[in-house]
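What follows is a single structure, written as structure tokens, with notes after it.
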Amino acid sequence: MIGVYDSGYGGLSVLRQLRAVLPRHDFIYLGDSGRAPYGGRNSDTILDFSEQCVERLFEEGCRLVVVACHTVSCVALRHLQRRYVPNAEAPRRILGVTIPAAEAAVAQSTGHIGVIGTTRTIGSTTFSLEIAKLGPHRVTGHAAPLLAPIVEEGWADTDIARLAVQRYVDRFEDIDVLVLACTHYPLLLPAFQKAVGPGVQVLDPSPHVARRLVDWLTRHPGFTEPGQGKLSLLCTGDPEQFRIHGEKFLGGELPRVQHIAEEQGRLAHRDRMQVVIGQVVR
Ligand code: DGL
């Protein structure tokens, strides 16, 4: 079973690609939707949240966790990989999305790569560092903090989304590839393609992430075996909302979503969300 972790629903767009190339594998997806968006949070918080989520997935029985979230991949992956060092008792691995995205960008660009993502993704400069290891390309990053909330609101196909995308895209000059370094942006692909115009390729990294995972599994047998193509879902937010929003990202109906919540620093299963209204003291 392969664990896939994202700050919320967006990583389901990555999961969709992973399931397309690995249809017989079982997946368990954890969306930290109750604490999303991560993109404007400080890195300490992202490190704490990501530890809890990855630990939950290991406890669910995963040996391999794919961090689908660009913000977590850029800010916390190195920390997570050091914190959960694989050993004989726990042969586990955590992989991210930044390197496959950087490789695809370098393969497609002849000179100047644009990267658009959350404030924390761009502020981390991780993309520039990874691209610099692969080629002499120029890299320009711009944060687009409004875009993920617009998509979460279900407004991807509206003029508000198109105007916001155009406004952010106008900040880039002379790029030939624009990397969509946020799990939410594939839902804005038509708006991006229109905004960049001809001559600039808009790159959705998720198919490349999927291909690299297949390649990785071939080189690292034993981390997961093909199963029955089962999908399990966990989220920290409202499971019903997750199911409704998630369908847009996964491109199909979602199975039952289980609720998990933070209890003493770890994520535990809860039968239902707690709802407490009113007050005791007046
Ligand atoms: N999953 C996040 C990412 O790919 C986007 C949403 C958020 O800010 O949490 O960066």
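Atoms within a ligand are numbered from 1 in the order they appear, just like the ligands themselves.
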*Taking only residues at least two apart or on different chains, which pairs with a member in residues 113-126 satisfy side chain to side chain donor-acceptor pair (under 3.5 Å)?*
Thr71-Thr118, Thr71-Thr121, Thr118-Thr121, Ser124-Thr126
_Phe249/His184 aromatic ring centres below 6.0 Å_ = yes
*Establish, yes or no, whether a centroid distance under 6.0 Å links the rings of Phe172 and His142.*
yes
*Write down the atom of Met1, the atom of Gly61, and the distance for their closest heavy-atom approach.*
CE-C, 4.3 Å
*When you look for protein heavy atoms under 4.0 Å from ligand 1, which residues do they belong to?*
Asp6, Ser7, Pro37, Tyr38, Gly39, Cys69, His70, Thr71, Thr118, Cys182, Thr183, His184
*Full working for salt bridge (charged side-chain N to carboxylate O under 4.0 Å, His left out) between Asp215 and Arg212*: CA-CA 5 Å; Asp215 177 50; Arg212 291 289 274 114; 3.2 Å; yes
*For Val67, which of Ile94, Val14, Leu57 qualifies under side chain to side chain contact (heavy atoms under 4.5 Å, CB included)?*
Ile94
